[in-house]
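Contents: one structure, followed by commentary.
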Amino acid sequence: MTRGSVVHWFRKGLRVHDNAGLLDAWNMANDAKITLKPVFLLDPWFVKNAKVGTNRWRFLIQTLEDLDKSLRKIGTRLFVIKGSPEEIFPKLLKKWDVKRLTWEQDIEPYAVERDNKIEKIAKQLNVEVLTFCGHTLYELDAIVAKNKGDVPLTYQKLQGLVSKMGHPAKPVESPAKLSKESRLDSGDLEKSKYDVPDLDSILKTAGKSQEDLGPCKFHGGETEALRRLDEKISAENKSYVLKFEKPNTSPNSIEPSTTVLSPYLKFGCLSPRTFYYRLLDVYKLGKHSEPPVSLMGQLLWREFFYTVGSHTPNFDKMKGNKVCRQIDWDCHPEKLKAWAEARTGYPYIDAIMTQLRLEGWIHHLARHSVACFLTRGDLYQSWEKGMEVFEELLLDADWALNAGNWMWLSASAFFHQYYRVYSPVAFGKKTDPNGEYIRKYLPHLSKYPDKYIYQPWEAPLATQKAAGCIIGQDYPRPIVDHNVIHKVNMDRMKKAYAADKIQHEKNPPTKRSGIGNSGKEPPKKKQKTMDSFLKK
DNA sequence: CAACGGTTGTTCTC
DNA sequence: GAGAACAACCGTTG
């Protein structure tokens with residue numbers, strides 16, 4: 001007695017709540033009395049090509065463990081399968097007699113290409129494919145269509161568009177226990193090669209060392225995501241939610257001054273729409289801040305970068321990226337390395353880079369500080385290099401947001417006031433005058449007096465000796481003189497802007513395509529859910 | 001073409 | 001703690 005099955009393919013969207021694809025598969029399983037088999041593929045492409053650091057591997061494994069647990073509660077499990085989708089699915093769809101395959105849409109270039117291939121393979125095997133929008137508030141194509149096919153390139157434009165579109169779709173219900181006929185057989189639920197692998201084996205496969213693991217400050221998974229949402233976005237915490245203004249939160253507090261829901265949004269442990277409607281609930285309780293600085297505003301920033309990223313070829317590169325200003329960045333691997341390894345000699349910068357490597361999360365303004373330092377502010381290295389380091393180390397590294405924000409900070413796109421330069425000495429002092437943050441992450445500097453904690457090279461030798469840390473010996477001298485170099489760089493930016501302008505006059509940009517995707521190739525096929533919309 | 005606004009600069013003065 | 005000078009960018013709007 002072989003029953004057929006319906007498969008939900010988890011990639012991002014690693015949750016049970018507000019998961020339209022999973023719910024659809026669940027419904028079909030119950031209606032057709034076939035089994036529901038949720039899968040997650042450990043794609044070797046990610047192991048090889050994606051820069052996933054040890055902390056993010058741990059977060060992913062924790063998330064998969066949590067997901068497996070939740071799926072078992074409804075009578076199924078997570079099948080974790082090692083192999084590329086192209087190799088696995090043809091076999092799997094036949095072996096499991098799959099009637100339908102569902103997944104959540106993903107706009108990243110690799111994902112678009114991959115999903116097109118799998119859809120083709122499935123159709124050849126007579127397997128129905130249904131895809132769903134769940135990683136963003138709105139269908140991104142719908143936002144662009146609302147703008148008459150032009151990609152919105154300012155936040156205000158995006159805000160206007162989504163306000164015309166009304167609230168996003170409400171979260172869908174979570175699947176309850178499957179009916180008896182659709183539950184997995186006990187054999188399928190036993191320990192098997194499809195179990196969530198342990199971290200050791202994953203790190204070994206990825207060529208990573210256990211030693212790079214930092215303390216686990218943010219546990220992966222939907223359960224923790226929803227707990228954190230309850231803690232942060234609740235009536236009990238309403239004054240925090242109502243008054244929240246991003247620019248006024250501290251980049252260098254010991255405990256995070258923001259919600260740290262970002263890693264959960266990145267993996268889809270938390271649905272952005274669940275976040276959205278929870279915020280609306282709290283907003284009913286009183287006067288609240290507004291976008292772009294409010295918490296809702298943060299969700300819209302995410303939507304903004306997703307919209308532009310999904311409709312801009314080469315969005316994660318400078319060349320061939322029409323929203324990105326072409327700038328003659330230096331290529332100095334030693335400077336890049338010093339920055340990435342927290343050896344710039346500026347304690348504020350090095351403390352942030354240490355927190356990033358250790359814990360996998362840093363405050364948004366801390367990201368600004370180190371990104372400005374690496375690019376237009378001090379080291380004049382390409383934003384692409386910084387983006388790669390963030391991609392490896394951030395738990396919440398999300399393709400469109402990472403590229404978009406790096407272009408922002410380097411004044412390559414979206415933001416143009418390149419003469420506003422963060423000081424690696426002054427900026428942190430505003431919110432942490434005693435340098436508690438530096439003392440925590442750079443313990444060898446912890447005995448420095450407040451006066452010198454942000455600029456230890458200015459301390460007299462006697463003070464350095466008393467603090468047990470000689471500059472140039474126990475802690476590096478500043479890699480550049482910020483006061484001098486930031487003006488030189490500002491001038492270079494001015495010239496780069498002028499040169500870029502001339503370039504644009506020679507080759508005026510062609511009108512932007514409204515229904516492109518982020519890959520180099522034109523889309524072979526539009527998402528089926530969008531066909532009707534685009535015909536209008 | 002000019003005015004305006006732009007999530008989140010710094011430093012000096014009052 | 002607020003306001004101005006610093007130097008002066010862009011895209012959007014009218």
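Chain identifiers are assigned alphabetically (A, B, ...) following the order of the sequence lines, protein sequences preceding nucleic acid strands; residue numbering begins at 1 within each chain. Side chains are part of it too, since the values below use all heavy atoms of this structure and drop only hydrogens, waters and symmetry mates.
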Worksheet item: Looking at residues at least two apart in the chain, or sitting in another chain, which of them share a salt bridge (Lys or Arg N to Asp or Glu O under 4.0 Å) with A/Arg56?
Response: none

Using residues 365-372 of chain A as the side-chain source, report each donor-acceptor pair under 3.5 Å to any protein atom, sequence neighbours left out, with the distance given to one decimal.
residue  : atom : partner  : partner atom : Å
A/Arg367 : NE   : A/Ile362 : O            : 2.9
A/Arg367 : NH1  : A/Asp396 : OD1          : 3.1
A/Arg367 : NH1  : A/Asp396 : OD2          : 3.4
A/Arg367 : NH2  : A/Ile362 : O            : 3.0
A/Arg367 : NH2  : A/Asp396 : OD2          : 2.8
A/His368 : ND1  : A/Tyr422 : OH           : 2.9
A/His368 : NE2  : A/His364 : NE2          : 3.1
A/Ser369 : OG   : A/Tyr348 : OH           : 2.9
A/Ser369 : OG   : A/Leu365 : O            : 2.9

Practice prompt. Scan residues 408-428 of chain A against DNA chain C and write down, sorted by residue number, each residue with any heavy atom closer than 4.0 Å; if none is found, say none.
Written response: A/His416, A/Gln417, A/Tyr418, A/Tyr419

Fill in: Distance in angstrom units between A/Lys429 NZ and B/dG9 P, rounded
18 Å

Discussion item. Tell me whether the rings of A/Trp329 and A/Tyr380 are parallel (<30°), tilted (30 to 60°) or perpendicular (>60°).
Written reply: tilted

Discussion item. Distance check, C1' atoms only: C/dA8 and B/dG5, in whole angstrom units.
Written reply: 14 Å

Item to complete: Answer yes or no: are there more than 12 heavy-atom neighbours, outside A/Lys465 itself, under 6.0 Å from its atom NZ?
Response: no

Worksheet item: Does any residue of residues 283-301 of chain A have a heavy atom under 4.0 Å from DNA chain B, and if so, which ones, in number order?
Response: A/Pro292, A/Val293, A/Gln298, A/Trp301

Worksheet entry | Output field: ring centroids A/Phe304/A/Phe414 closer than 6.0 Å | yes

Practice prompt. Verify whether the ring centers belonging to A/His482 and A/Phe373 lie closer than 6.0 Å.
Written response: no

Worksheet item: What are the residues of residues 486-501 of chain A, sorted by number, that bring a heavy atom to within less than 4.0 Å of DNA chain B?
Response: none

Worksheet item: Are A/Ser289 and A/Glu245 linked by a side-chain donor-acceptor pair shorter than 3.5 Å?
Response: no

Practice prompt. Would you mind reading off the distance between A/Tyr454 atom OH and B/dT10 atom C1', rounded to a whole angstrom?
Written response: 16 Å

Practice prompt. Pick out which of A/Leu140, A/Asp150, A/Ile143 makes a side chain to side chain contact (heavy atoms under 4.5 Å, CB included) with A/His311.
Written response: A/Leu140

Worksheet, complete the sentence: Span of DNA chain C engaged by chain A, first through last nucleotide within the 4.0 Å heavy-atom cut-off, is C/dA8 to C/dT13

Item to complete: Say whether A/Ser271 and A/His17, considering side chains only, have a donor N or O and an acceptor N or O under 3.5 Å apart.
Response: no

Practice prompt. Can you sort out the partners of A/Asp474 under side-chain hydrogen bond (donor to acceptor under 3.5 Å, both in side chains), two or more places apart, ordered by chain and number?
Written response: none

For nucleotides 12-14 of chain B, which of its nitrogen or oxygen atoms have a protein nitrogen or oxygen under 3.5 Å away, and what is each distance?
none

Item to complete: Please identify each residue that fulfils ring pair (Phe, Tyr, Trp, His ring centres under 6.0 Å) with A/Tyr497, with sequence neighbours left out.
Response: A/Tyr418

Fill in: Minimum-distance pair of heavy atoms, taken over all atoms of A/Pro291 and A/Gly297
CB-CA, 3.7 Å

Worksheet item: Is the distance between the ring centroids of A/Trp383 and A/Trp408 less than 6.0 Å?
Response: no

Worksheet item: Have A/Tyr276 and A/Glu303 got a donor and an acceptor in their side chains that come within less than 3.5 Å?
Response: no

Item to complete: Tell me yes or no: between the side chains of A/Glu222 and A/Tyr264, is some donor less than 3.5 Å from an acceptor?
Response: no

Practice prompt. Any chance you could encode DNA chain B as dot-bracket? Rule is Watson-Crick or G-U wobble with both distances under 3.5 Å; [ ] for pairs crossing earlier ones, | for another strand.
Written response: ||||||..||||||

Discussion item. Tell me if the centroids of the rings in A/Phe59 and A/Trp361 come within less than 6.0 Å of each other.
Written reply: no

Worksheet item: Taking atom P in both B/dC4 and C/dA4, what distance in whole Å separates the two?
Response: 16 Å

Discussion item. Between A/Gln62 and A/Glu224, is the side-chain contact (heavy atoms from CB on, under 4.5 Å) condition met? List the steps.
Written reply: CA-CA 10 Å; A/Gln62 291 168 342; A/Glu224 175 59 14; over 6 Å; no

Worksheet entry | Pair A/Asp491 + A/Lys487: basic N to acidic O under 4.0 Å | no

Fill in: Results of side-chain contact (heavy atoms from CB on, under 4.5 Å) for A/Glu231 - residues two or more places apart only
A/Arg227

Practice prompt. Name every residue in residues 358-376 of chain A that has at least one heavy atom under 4.0 Å from any atom of DNA chain C, in order of residue number, or write none if there are no such residues.
Written response: none

Item to complete: Give the intermediate values and the outcome of side-chain contact (heavy atoms from CB on, under 4.5 Å) for residues A/Asn489 and A/Arg492.
Response: CA-CA 5 Å; A/Asn489 290 344; A/Arg492 288 184 70 176; 4.2 Å; yes

